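To keep things clear, I will list the structure first and then write my remarks on it.
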Amino acid sequence: MKKRHIILLTAAALSCLVGLNACAEHNADGQSESSAAPNEILAGSAVTQTGTSETQTGIQNDSLPSDANTPTDLADTKAEASTQANNPADTRSTQTTTQETETSESMVQSAQQTDDKYASIFDGITLTKSYKGLDDANPLMIQRFGADPFAMVYGDRVYFYMTADSFEYNVNKEIVENTYGTIRSINVISTADMINFTDHGSIRAAGPTGAATWAHNSWAPAAAWKEIDGKVKFFLYFADAGGGIGVLTADSPTGPFTDPLGKGLITRQTPNCADVLWLFDPAVLVDDDGTAYLYFGGGVPEGKAAAPGTGRVVQLGGDMISLAGDPIAIDAPYLFEDSGIHKYDGKYYYTYCSNWQVDAEGTARYGFHNAEIVSLESDSPMGPFTLKETILENPGKYFGLYGNNHHCVFRFKDRWYITYHARTLEKAMGVEHGYRSTHVNQFTMGEDGTIGKIHQSLRGILQLSYVDPYEINRAACMAVAAGIDCVPANEEAKGFGSGDMALGGIDPGDFVLVKGVDFGKETPVSFTARVRTQSGQNGSGVIQLRADRPDGSVLGYLPIEETAEDFTEYTAELTQGLTGVHDFCLIFSGKGYEVDSWQFMKQ
């Protein structure tokens, strides 16, 4: 039986609580209100930072773009969100309450002493530096790198599959240039609100311990789902370096994935593929009638910069793991790599990265430059395609540190987004060796399918729904973090690399921030977390709970003692309550323990 620890932490001077007004918006009468989740919330827009040190903000806004450069469509949406403050469903409440208590003076004094004891622990702790700004939406995660992102919408979530960039070292243990040669995993995260992302770990795709043991690498994934014989199946396509395309299957978007073929789906022996320099960078589209198509290829043959002829498209079989015909060439000017595909209003848009040899004549004729994302249009998923426009400049123009450009255009909850990678995370870490991290920005789709050049920024993403604190929330779901890692939460995830993850690698001062948590009109009275000891350690510590920011008002403390190898529930009563919508921060002391989930409780 798992132990349940109940710790009473009631402050002595509850009537002197400071109001939590960092997330305030008011209605037309000037009264603050709390509500259920609205359709849109501007992440970070109503939060005022007070007393936050430079080490807490990570990527500094004086060196990287901010909301000041937000495009018109997002600026208009922000203004709309601001003017909706008179709607109870679109407000951030400032209302906070205290828990009504009837206890003896000795009980109050004892609780205050306990509170002071835990507060003194954190007085001596310096917050770990976050490599992501507290108000930033990008990069999506900082606990790991993630490149070549592909977005798959399933149900009410969107899943991001990414090349698992990780540091390479020389014999002197110095970080060296990313060669991509050791990458055999695919990172996966997901979100329901586009601000808080759940870490699902790293799918072991290639190599001796991967699902596809025949493959040496796993680059540039693409994913799709399809109902076959009454059962939903998930398909993960990946590149074995530049030598072919493999496919894995699963019954869940996070795995475990297995190899149904035992070999590549696309190889040098596939018709019309022998002369494709790079058989990589797949993209997949499942059309409205259930027919699926695979796009891939890249590379620039000598003397053919303007017309490489190395892009391919092929119809997939009904089982999604076979070909229904031979691949055919896509005429894409100055193609380099990075296949993309999306459909809008009956037309198909093939998108790709231009190469590094676009000369003045090419720019004059086509309108794009080196390493930019170009869009072609067709009435058919297999072409022929004609030039449409340039939709994404090289991220180096916005964030510094130029590099290859890789993207995916997708629609989620009636909004259009582009995900791409940049080198912002490594830049914040003081590293410049080609390690990439995933970003997302929103855009407005024109009626004729025109996108225009999408503005890239660290901010500017709207939160689509609020987090329910009274449900069990995975601790590995966060908007911002510092210092922590994510580790397998169960044997399945440990064996396959992906699935349910827990917070691990905890050191004093590490923290996670969850944005847009709707506490409703009734204040919570307690907080519960499931915790276990880290393997081989006797973990213990205290978790500090704060509202809005890492330096926000303290809600309570959760002592972690006598941790077991299995996850155990720990519960603490709150010293301060709150209502309405707030961000929520967990700050850690101690070490050697891992956190699986958390939940607030009402009276």
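Computed from a prediction, not measured in an experiment: that's the story for all the values here.
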Close side-chain approach of T270 to L323, heavy-atom, < 4.5 Å: yes

Between H407 and D338, does a side-chain hydrogen bond (donor to acceptor under 3.5 Å, both in side chains) hold up when you go through it step by step? CA-CA 7 Å; H407 78 295; D338 177 29; 2.6 Å; yes

Could you go through the side-chain contact (heavy atoms from CB on, under 4.5 Å) check for L265 and L294 one step at a time? CA-CA 11 Å; L265 173 64; L294 190 69; 4.1 Å; yes

Would a distance-only check, ignoring hydrogens and angles, find a side-chain to backbone donor-acceptor pair under 3.5 Å from T191 to D193? yes

Keeping the roles fixed (side chain from S354, backbone from A371), state whether a donor-acceptor pair exists under 3.5 Å. yes

Once the angle between the rings of H439 and Y420 is folded into 0 to 90°, is it parallel (under 30°), tilted (30 to 60°) or perpendicular (over 60°)? tilted

Between R312 and I330, is any pair of side-chain heavy atoms under 4.5 Å apart? no

With sequence neighbours left out, write down each residue that passes side chain to side chain donor-acceptor pair (under 3.5 Å) with N394, or none if nothing qualifies. none

One thing to verify: whether K231 and D251 come together as a salt bridge, which I'm taking to mean a side-chain N less than 4.0 angstrom from a carboxylate O. yes

More than 12 heavy atoms from other groups under 6.0 Å of NZ on K304: no

Less than 4.0 Å between a side-chain N and a carboxylate O, is that true for R436 and D148? yes

Does any non-hydrogen side-chain atom of M141 lie less than 4.5 Å from one of M162? yes

About how many Å separate CG of N138 and OG of S457, when rounded to the nearest 0.5 Å? 6.5 Å

Atom pair NE2/CD of H433 and E426 - distance to nearest 0.5 Å: 8.0 Å

On a heavy-atom basis, the closest approach of F385 and S380 is CZ-O, 4.0 Å

Going by heavy atoms in the side chains, are T198 and R157 under 4.5 Å from each other? yes

Can the ring centroids of F160 and F410 be said to lie less than 6.0 angstrom from one another? yes

How are the rings of F167 and Y435 set relative to one another: parallel (under 30°), tilted (30 to 60°) or perpendicular (over 60°)? perpendicular

Close side-chain approach of V300 and T310, heavy atoms under 4.5 Å: no

Please lay out, stage by stage, how H369 and K397 fare under the test side-chain contact (heavy atoms from CB on, under 4.5 Å). CA-CA 12 Å; H369 300 84; K397 178 178 178 179; over 6 Å; no

Given 3.5 Å as the limit, does a donor-acceptor pair link the side chain of S498 with the main chain of G201, or not? no

Nearest-0.5 Å distance, CZ of residue F336 to CD of residue Q357: 9.0 Å

Given side chains that start at C-beta, do those of L513 and K515 come closer than 4.5 Å, heavy atoms only? yes

Residues that F235 engages under ring-ring contact (aromatic ring centres under 6.0 Å, His included), provided they are two or more places apart: none

Please find the pair of heavy atoms, one from C273 and one from R268, that lie closest to each other, and give the distance. O-NH1, 3.7 Å

CD1/I472: more than 12 non-hydrogen atoms of other groups inside 6.0 Å: no

side-chain contact (heavy atoms from CB on, under 4.5 Å), paired with I266, selected from V276, V247, L279: L279

When rounded to the nearest 0.5 Å, the distance separating CG of N405 from CD of E337 is 8.5 Å

Applying ring-ring contact (aromatic ring centres under 6.0 Å, His included) as the test, list every pair that has at least one member in residues 282-327; sequence neighbours left out. none

Has D289 got more than 12 heavy atoms of other residues, nucleotides or ligands less than 6.0 Å from its CG? yes

Using 4.0 Å as the upper bound for N to carboxylate O, is an ion pair formed by K263 and D240? no

Taken in chain and number order and not counting sequence neighbours, the residues that satisfy side chain to side chain donor-acceptor pair (under 3.5 Å) with E174 are N170

Would you check if the side chain of S130 reaches a backbone N or O of A481 as a donor-acceptor pair within less than 3.5 Å? yes

Counting only heavy atoms not in E432 (residues, nucleotides, ligands), do more than 12 fall under 6.0 Å from its CD? no

Check: N187 side chain, F145 main-chain N or O, donor-acceptor pair, under 3.5 Å: yes

Would you mind reporting whether Y131 and T424 have side-chain heavy atoms less than 4.5 Å apart? no

Counting distance only, does the side-chain N/O of D596 pair as donor-acceptor with the main-chain N or O of A502 below 3.5 Å? no

For residues P271 and D326, report the shortest heavy-atom separation together with the two atoms involved. CG-OD1, 3.5 Å

Between the side chains of K343 and D287, is the shortest nitrogen-to-carboxylate-oxygen separation below 4.0 Å, so that they form an ion pair? yes

Tightest non-hydrogen contact, residues F280 and G242, listed as CB-CA, 4.2 Å

Calculate, to the nearest 0.5 Å, the distance between atoms SG and NE2 belonging to C408 and H421 respectively. 13.0 Å

Between D259 and A211 the two heavy atoms that sit nearest each other are CB-O, 3.4 Å

Return yes if some donor-acceptor pair links the side-chain N/O of R474 with the main-chain N/O of D500 below 3.5 Å, else return no. no

To the nearest 0.5 Å, tell me how far F150 CZ sits from I186 CD1. 12.0 Å

K132 (side chain) donor-acceptor with P139 (main chain) under 3.5 angstrom: yes

Steps toward side-chain contact (heavy atoms from CB on, under 4.5 Å) verdict (V314, I328): CA-CA 6 Å; V314 65; I328 63 174; over 6 Å; no

Under 3.5 Å, is there a donor-acceptor pair between the side chain of R184 and the main chain of R204? no

Where is the tightest heavy-atom contact between V284 and A223, given as atom of each residue plus distance? CG1-O, 3.4 Å

Checking H200 now: which residues fulfil ring-ring contact (aromatic ring centres under 6.0 Å, His included) with it, not counting sequence neighbours? Y159

Going through the distances and angles, do D136 and V480 end up as a side-chain contact (heavy atoms from CB on, under 4.5 Å)? CA-CA 8 Å; D136 290 342; V480 182; over 6 Å; no

If you define the side chain from C-beta out and look only at heavy atoms, does anything of D331 sit under 4.5 Å from P384? no

With sequence neighbours excluded, residues passing salt bridge (charged side-chain N to carboxylate O under 4.0 Å, His left out) with D281: none

Under 3.5 Å donor-acceptor, E168 side chain and V176 backbone: no

